[in-house]
Participant: 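This is the structure I want to talk about, given as structure tokens.
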Amino acid sequence: MTQIYNKAIHKTISINRVLGHIKGVHKGATIVFFAGIHGNETAGVFALQEVLDTIKPETVSGTIYGVSGNLKALKENQRYLDKDLNRLWTQKQLEALKLKETLNTEEQEQIELFKLIERIISSNSGPFYFIDFHTTSSKTLPFITINDALINRKFSKLFPVPIVLGIEEYLNGPLLSFINELGYVSLGFESGQHDEKEAIENCISFIYLALRNVTVIEQKHIPQCQVLYQQLQINANHLSDIFEVVYLYHIKRDEVFKMNSGFKSFQDIVKGTILATSNQQMVKSTYNARLFMPLYQSKGEEGFFIIKPIKPFFLKLSAGLRHLKFDSLLVLFPGISWDNKNKNVLKVNLNIAKFFAKSIFHLLGYRNKKINETHLLLYNREHSSKIEAYKNELWY
């Protein structure tokens with residue numbers, strides 16, 4: 001057992017890796033909630049324990065799991081102890097773990113989580129849903145982050161909060177990107193600022209709404225479901241647009257970075273706004289857009305993001321082009337070829353294909369994950385999506 005403490009409610013609880021496992025009396029989907037992948041983000045853990053303790057198996061159709069992430073970091077209330085557990089989920093890293101004789105703290109946690117995920121998938125029926133709870137160091141509206149796959153977009157729109165897509169292009173090794181590569185619906189829910197009571201309340205609302213949306217629990221068994229929906233909608237300032245990440249300020253090694261005080265996520269900013277200092281030099285915005293996840297904690301490599309809303313026309317166009325598999329025509333253009341036999345990664349010669357704007361690839365679901373001086377690799381989530389598993393779901 002691991003003891004963790006939340007400052008907002010002045011409460012300590014004891015937890016295990018599996019916070020809860022409820023197998024319903026009827027068949028249905030399997031939904032997996034993760035919380036505490038970052039050890040200083042306890043809101044989701046407390047919310048899950050509170051909700052799971054109230055659920056009766058006879059009201060459940062399917063299976064529910066609550067999983068705690070970085071147990072050792074949660075105990076210390078630290079984001080991580082050796083390495084960021086939410087930056088380790090790459091095939092290269094998982095393969096390397098098999099050969100390592102000595103593992104650091106987060107690698108030990110990762111192996112346990114990986115085995116648990118494999119066991120959940122192999123021992124339960126689909127469709128599968130994976131939801132990862134987080135909080136931020138800055139003030140923020142509650143919001144969803146997703147890898148840019150259509151099944152993620154469609155499912156996320158069921159919730160009354162803003163959605164931010166494309167973050168996988170800027171981060172290497174998040175847990176949800178790994179799960180998305182397996183083809184399952186997966187989303188992250190950022191419920192508020194660390195150690196705020198509202199962050200726990202938003203998580204509780206989201207858990208109940210998620211259980212309803214995948215029909216694991218019928219609405220009649222969820223207390224005040226409509227009130228929970230409206231409360232989440234109010235806390236999100238009735239903002240439910242879809243945004244795209246257009247910039248990340250990445251903190252370099254040994255850089256002294258300090259975010260200027262008072263900024264919050266989704267705040268409008270104009271070009272020239274002084275956002276932070278780097279080695280005592282001013283860092284100014286080069287965009288008229290919105291600020292996203294400014295960093296107000298000592299650990300972390302992402303200083304801040306910049307996001308812009310996506311117009312509904314382009315979202316519809318994107319969905320239409322993907323349904324038509326228009327991306328298969330891209331390899332007819334000079335400088336573009338498939339990087340593997342699965343035809344889910346494009347290799348782009350930057351010297352030849354300079355005329356292709358980044359936004360064109362984004363429309364078709366491609367996000368760059370690896371770049372050198374001459375070539376760009378673009379990865380697509382649509383090709384791995386297990387669409388057939390979700391076609392009979394009510395939300396699809």
Side-chain angles (χ1 to χ4, degrees), residues 13-37 43-69 112-133 144 151-152 154-160 175-176 179-180 182-189 191 200-229 232 385-396:
I13 58 174
S14 297
I15 61 170
N16 291 312
R17 175 72 67 198
V18 178
L19 296 163
H21 172 210
I22 302 170
K23 191 169 184 63
V25 296
H26 307 289
K27 290 183 178 180
T30 298
I31 186 165
V32 183
F33 298 100
F34 297 100
I37 295 294
V45 181
F46 279 80
L48 277 170
Q49 186 174 77
E50 180 172 332
V51 173
L52 294 177
D53 283 348
T54 68
I55 295 175
K56 298 176 181 179
E58 57 266 28
T59 66
V60 175
S61 297
T63 307
I64 306 167
Y65 285 89
V67 179
S68 54
E112 290 183 19
L113 282 169
F114 179 69
K115 289 179 179 179
L116 177 58
I117 292 168
E118 283 193 317
R119 189 162 66 249
I120 289 172
I121 293 172
S122 64
S123 61
N124 292 279
S125 60
F128 290 93
Y129 298 84
F130 294 88
I131 296 173
D132 188 14
F133 291 124
I144 288 170
I151 54 173
N152 285 342
K154 186 172 285 193
F155 182 67
S156 297
K157 286 298 290 181
L158 300 173
F159 301 89
L175 171 62
L176 289 182
I179 292 173
N180 220 224
L182 300 178
Y184 303 115
V185 167
S186 57
L187 61 88
F189 179 62
S191 64
I200 299 175
E201 294 169 351
N202 287 336
C203 271
I204 290 171
S205 296
F206 199 91
I207 294 166
Y208 279 121
L209 293 176
L211 293 171
R212 181 200 65 177
N213 290 338
V214 302
T215 61
V216 167
I217 298 180
E218 292 182 30
Q219 182 166 321
K220 65 182 180 181
H221 296 302
I222 297 175
Q224 297 184 308
C225 189
Q226 194 58 35
V227 173
L228 295 174
Y229 183 95
L232 197 56
S385 294
K386 298 183 185 298
I387 296 172
E388 292 297 324
Y390 301 98
K391 278 190 171 179
N392 292 326
E393 296 290 275
L394 293 178
W395 57 266
Y396 186 82

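Heads up: numbering here begins at 1 and tracks the sequence. Note that the structure is predicted; figures quoted are calculated from it, not measured.
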Participant: Please step through side-chain contact (heavy atoms from CB on, under 4.5 Å) for the pair C225 and L209, ending with a clear verdict.
Facilitator: CA-CA 7 Å; C225 189; L209 293 176; 3.9 Å; yes
Participant: Going through the checks in order, is the side-chain contact (heavy atoms from CB on, under 4.5 Å) test met by I13 and V45?
Facilitator: CA-CA 9 Å; I13 58 174; V45 181; 4.3 Å; yes
Participant: Taking F133 as the fixed residue, which of F46, F34, F33 is the one that meets the ring-ring contact (aromatic ring centres under 6.0 Å, His included) rule?
Facilitator: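 When ring-ring contact (aromatic ring centres under 6.0 Å, His included) is applied between F133 and each of F46, F34, F33, only F33 qualifies.
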Participant: Closest heavy-atom contact between N180 and S186?
Facilitator: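 Heavy atoms only, the tightest pair is ND2-OG, 2.9 Å.
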Participant: Anything under 3.5 Å between a donor and an acceptor, one on a side chain of residues 200-208, the other on a protein residue two or more places apart or in another chain? List them.
Facilitator:
{"from": "N202", "atom 1": "OD1", "to": "N235", "atom 2": "ND2", "distance (Å)": "2.8"}
{"from": "N202", "atom 1": "ND2", "to": "S191", "atom 2": "O", "distance (Å)": "2.8"}
{"from": "N202", "atom 1": "ND2", "to": "E198", "atom 2": "O", "distance (Å)": "3.3"}
{"from": "S205", "atom 1": "OG", "to": "E201", "atom 2": "O", "distance (Å)": "3.3"}
{"from": "Y208", "atom 1": "OH", "to": "T54", "atom 2": "OG1", "distance (Å)": "3.2"}

Participant: Any idea which heavy atoms bring G69 and I37 closest together, and the distance?
Facilitator: CA-CD1, 3.7 Å
Participant: Looking only at non-hydrogen atoms, find the nearest pair between Y229 and L158 and report the distance.
Facilitator: CE1-O, 3.8 Å
Participant: Can you tell me how far apart OG (S385) and CG (N152) are? Round to the nearest 0.5 Å.
Facilitator: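 Answer rounded to 0.5 Å: 7.0 Å.
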Participant: Considering only distance and modelled atom types, tabulate donor-acceptor pairs under 3.5 Å from the side chains of residues 19-28, sequence neighbours left out.
Facilitator:
{"from": "H21", "atom 1": "NE2", "to": "Y65", "atom 2": "OH", "distance (Å)": "3.3"}

Participant: For E112, look at atom CD and say whether over 12 heavy atoms of other residues, nucleotides or ligands are found less than 6.0 Å away.
Facilitator: yes
Participant: Please report the shortest heavy-atom distance between G188 and L176, naming the atom on each side.
Facilitator: N-CD1, 3.1 Å
Participant: Check L187 against S156 and note the closest heavy-atom contact, atom names and distance.
Facilitator: CD2-OG, 3.7 Å
Participant: About how many Å separate CG of L182 and CD of E118, when rounded to the nearest 0.5 Å?
Facilitator: 9.5 Å
Participant: At their closest point, which heavy atom of S125 faces which heavy atom of T30, and how far apart are they?
Facilitator: O-OG1, 2.8 Å
Participant: Going from CH2 on W395 to NZ on K154, what distance comes out if it is rounded to the nearest 0.5 angstrom?
Facilitator: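 Going from CH2 on W395 over to NZ on K154, the span is 7.0 Å.
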Participant: Distance check, rounded to the nearest 0.5 Å: I144 atom CD1 versus D132 atom CG?
Facilitator: 12.5 Å
Participant: I'd like to check I121 versus Y184 (side-chain heavy atoms, cut-off strictly below 4.5 Å). Are they in contact?
Facilitator: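 A side-chain contact under 4.5 Å exists here.
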Participant: Test your reading of the model: is there a side-chain donor-acceptor pair from R212 to the backbone of I217, 3.5 Å cut-off?
Facilitator: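 No, because the side chain of R212 does not come within donor-acceptor range (under 3.5 Å) of the backbone of I217.
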Participant: Calculate, to the nearest 0.5 Å, the distance between atoms CG and CD belonging to L211 and E218 respectively.
Facilitator: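 Atom-to-atom, L211:CG and E218:CD are 12.5 Å apart.
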Participant: What distance separates I131 CD1 from I31 CD1, expressed to the nearest 0.5 Å?
Facilitator: 4.0 Å
Participant: Mind running side-chain contact (heavy atoms from CB on, under 4.5 Å) on R17 and L113 for me, showing each step along the way?
Facilitator: CA-CA 8 Å; R17 175 72 67 198; L113 282 169; 3.9 Å; yes
Participant: Does the pair Y129 and F155 meet the rule for a ring-ring contact (aromatic ring centres under 6.0 Å, His included), with working shown?
Facilitator: CA-CA 10 Å; Y129 298 84; F155 182 67; 5.1 Å; yes
Participant: Would I117 and L175 count as a side-chain contact (heavy atoms from CB on, under 4.5 Å) if you check the C-alpha gap in whole Å, the side-chain angles of each, and the deciding distance to 0.1 Å?
Facilitator: CA-CA 11 Å; I117 292 168; L175 171 62; 4.0 Å; yes
Participant: Check the surroundings of atom CG in N392: do more than 12 heavy atoms from other residues, nucleotides or ligands lie under 6.0 Å from it?
Facilitator: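 Count not over threshold, so no.
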